[in-house]
Amino acid sequence: MTDIIQPLRGTRDFYPEDQAVISWLYENMRQVSESFGYQEFDGPFLEPIELYAAKSGEELVKEQAFVFEDRGRNLITLRPELTPTLARMVAQQQQHLHYPLRWWSFGPFWRYESPQKGRSREFFQWNVDLLGLDSPEADAEMAAVMAVFFQQVGLSPDQVQIMINNRRLVDAQLQKLEIPPRKQGEIFRLIDKRDKLEDAAWEAYAEEIGLTSKQLDSIKAMVEDEALWEESEELVRFFRAVEALGVGDYVQYAPHIIRGLDYYTGTVFEAQAVTADISRALLGGGRYDNLLADVGGDPLPGVGFAMGDMVLAIVLEELGLLPEGRGVTPADVLVTVFDEATLLPSYSLSAELRQAGLKVSCYPEVQKLGKQFKHAGRIGSRVATILGPDELANGMIAVKDLESRKQELVPRGEAADFIKKLLDKASSS
RNA sequence: GCGAAUGUAGCUCAAUCGGUAGAGCGCCGCACUGUGGAUGCGGUCGUUGCGGGUUCAAGUCCCGUCGUUCGCCCCA
């Protein structure tokens, strides 16, 4: 036991029941994405470091990306996010693609962070992006995709909220306060910390940045002004569109939401669990109208978001919304093996049943029937078949319903249909 | 990078003041050689994460180290 090599820090093993959760999430993400007309795509998991150096925010590349030298001495990185890859892929084919472009993706990402609740070094993200539109209605469509997904997995507006802000609105407000643009980054950080720090600590931080007390008061007022969005034409249109899309309950204006990424230019999103015992965001996203030009393409507006698997799974687990009995049925039918003489005929039977479209596993060796039935029950098979000397002689198969414990002799040729009917009854009841 | 907790059987955990490492679950077998989940009985299971120190004696106390978890920092 002690000589088992440990998995790497911050990685996860996905046992079948864990993998089933990922698959289930993936399935829901696929359904929702496709219901909005998005196409699935993916990019490389390995990328040159320069792709991120441009615009992702310094922290991301310097501190958090897995970066290493390959055998050709090139610096490469395991992708810490998808958007730069998306931007490159679009830029490469920019003339051939049809806009508006609606793409989605689900895959692994890596960030070298210290693992804790809701955060590991290897995780999955659902990415949804809409390129070629710069309207607030496009932003609203993003919010609707998120909201419909929440609906789909059973999260109500009481349990999760999508917070909205707009960086252009914040910029305009800061300009009124005559705060120099070069301080913008620090101010954003300050705003972001508003509900994380105590008042005194927050004010001390503001002073550190070099804000006058008058400026500080104005900023304080700004991040508490729940009606400020009304001054933004963009946000007014956004919220109207969100209502029209029927997801208004899930969305609210949140003046303190900023998001860390440098490339966001307009609307920013962040979803938070209201009830769950975790402060981490469920998803983050926003409008990035300059990103295509930044990676060398022609200017093209875009908006998108990413949702990680970990916080989502924690929230769903806490609320009891994960599917029951996940990943427990490898095969509906177990073909038992009675003795040496019937071993090969049993294998043939399993092949026949599979041919008929059933999920079938065959017990791999001669064993006492009791043990084989026990195994069938353990792995969750619903039906077991017995092909002993008597059945073989008469061309019959004994089919046992492991739930009702009833057993019936049926002609071998009819076994598959008989089992299918049994399973249909089982799944409909 | 900083802080806290924690590490005992395959799993979940116990072990009083420092005094012979235990239980449940699981697994295997038998009762029950053509029929599973129940029940009963029996069996399997440990260098107490690792290294050092204190002590007559260490799972227990001390130091170090590694892993894990939680928090801070940061956050796409």
Side-chain angles (χ1 to χ4, degrees), chain A residues 1-13 15 52 55-65 79-87 109-121 123-127 129 188-189 192-193 196-197 201 205 257-264 268-271 277-286 288 291 304-308 310-311 314 334 336-339 342 363 366-392 398-409:
Chain A
M1 162 59 186
T2 47
D3 52 5
I4 291 175
I5 293 169
Q6 302 283 332
L8 285 174
R9 183 170 169 78
T11 63
R12 291 172 289 166
D13 291 331
Y15 289 88
Y52 307 97
K55 268 291 170 180
S56 291
E58 297 217 337
E59 177 77 18
L60 180 52
V61 175
K62 277 191 190 155
E63 312 283 339
Q64 294 183 295
R79 63 181 188 182
E81 60 159 334
L82 187 65
T83 309
T85 299
L86 166 73
F109 296 86
W110 294 265
R111 292 176 200 164
Y112 198 84
E113 311 197 63
S114 86
Q116 48 196 271
K117 194 174 186 184
R119 200 165 70 176
S120 66
R121 292 181 173 179
F123 55 93
F124 292 94
Q125 267 192 353
W126 177 36
N127 279 265
D129 289 276
F188 278 4
R189 192 156 298 174
D192 199 46
K193 283 182 192 295
K196 288 170 194 158
L197 294 179
Y205 186 76
I257 296 294
I258 288 291
R259 304 304 300 165
L261 244 62
D262 290 349
Y263 54 60
Y264 290 137
V268 287
F269 310 96
E270 178 172 317
D277 184 27
I278 186 161
S279 57
R280 228 165 274 287
L282 277 157
L283 64 82
Y288 47 88
L291 191 58
F305 73 90
M307 179 188 293
M310 295 196 67
V311 176
I314 289 170
L334 180 80
T336 63
V337 173
F338 191 81
D339 58 16
T342 56
Y363 204 85
V366 178
Q367 253 298 353
K368 292 193 339 188
L369 278 181
K371 197 172 170 187
Q372 299 190 46
F373 277 104
K374 195 170 179 176
H375 177 70
R378 286 278 159 73
I379 65 175
S381 293
R382 173 66 197 246
V383 171
T385 65
I386 302 116
L387 179 54
D390 300 346
E391 288 85 0
L392 193 60
V399 176
K400 179 162 182 174
D401 181 337
L402 290 168
E403 203 151 299
S404 67
R405 296 172 169 247
K406 280 182 195 149
Q407 184 170 324
E408 232 173 293
L409 267 180

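Letters A, B, ... are given to chains in the order of the sequence lines, protein chains preceding strands, and every chain is numbered from 1. Because only heavy atoms are used, hydrogens play no part in the values below, and waters and symmetry mates are left out as well, while side chains stay in.
- With distances taken from any side-chain atom of A/R378 to the nucleotides B/rC27, B/rG34, B/rU35, the minimum falls on B/rC27.
- Comparing B/rU47 with B/rG42, their C1' atoms sit 28 Å apart, to the nearest whole Å.
- B/rU33 atom P lies 12 Å from atom CD of A/Q367, rounded to whole Å.
- Within the nucleic acid shown, A/Q407 comes within 4.0 Å of at least one base atom, counting heavy atoms only.
- OP1 or OP2 of B/rC70 has not a single side-chain nitrogen or oxygen of A/R119 nearer than 4.0 Å.
- Residue A/K371 places at least one side-chain N or O closer than 4.0 Å to OP1 or OP2 of B/rG29.
- Ranking B/rC73, B/rC75, B/rG34 by closeness to the A/R111 side chain, first place goes to B/rC75.
- Looking at heavy-atom distances under 4.0 Å, A/T336 makes no contact with the nucleic acid at all.
- Dashed line: the shortest gap from a side-chain N or O of A/R9 to OP1 or OP2 of B/rU68 is under 4.0 Å.
- Here B/rC75 presents its C1' atom at 18 Å from NZ of A/K117, a figure rounded to the nearest Å.
- For B/rG34, the base has no donor-acceptor partner in the side chain of A/Q372 [N/O atoms by modelled type, under 3.5 angstrom].
- For A/K368, no side-chain nitrogen or oxygen approaches OP1 or OP2 of B/rC28 to under 4.0 Å.
- Remark: P of B/rC66 and CG of A/L8 are 16 Å apart, rounded to the nearest angstrom.
- Among the heavy atoms of the strands lying under 4.0 Å from A/F338 is at least one base atom, whether or not backbone atoms are also near.
- Across every strand in view, B/rG29 sits in a pair with B/rC41 that passes the Watson-Crick or G-U test at under 3.5 angstrom.
- Nearer the 5' end of RNA chain B, as judged by each residue's closest nucleotide, is the contact made by A/P115, out of A/P115 and A/R259.
- Residue A/L82 is classed as having no contact, given no heavy-atom separation below 4.0 Å to the nucleic acid.
- Dense packing is recorded around CD of A/Q407, with more than 12 heavy atoms of other residues, nucleotides or ligands lying under 6.0 Å away.
- Mapping A/Y205 and A/E403 onto RNA chain B by nearest heavy atom places A/E403 closer to the 5' end of the strand.
- Summarising the geometry, the separation between CZ on A/R121 and P on B/rC75 is reported as 18 Å, rounded to the nearest angstrom.
- A/R189 comes within contact range of the sugar-phosphate backbone alone, with a heavy-atom separation under 4.0 Å but no base atom that close.
- Each of B/rG36, B/rC72, B/rC74 was ranked by its minimum atom distance to the side chain of A/L402; first place goes to B/rG36.
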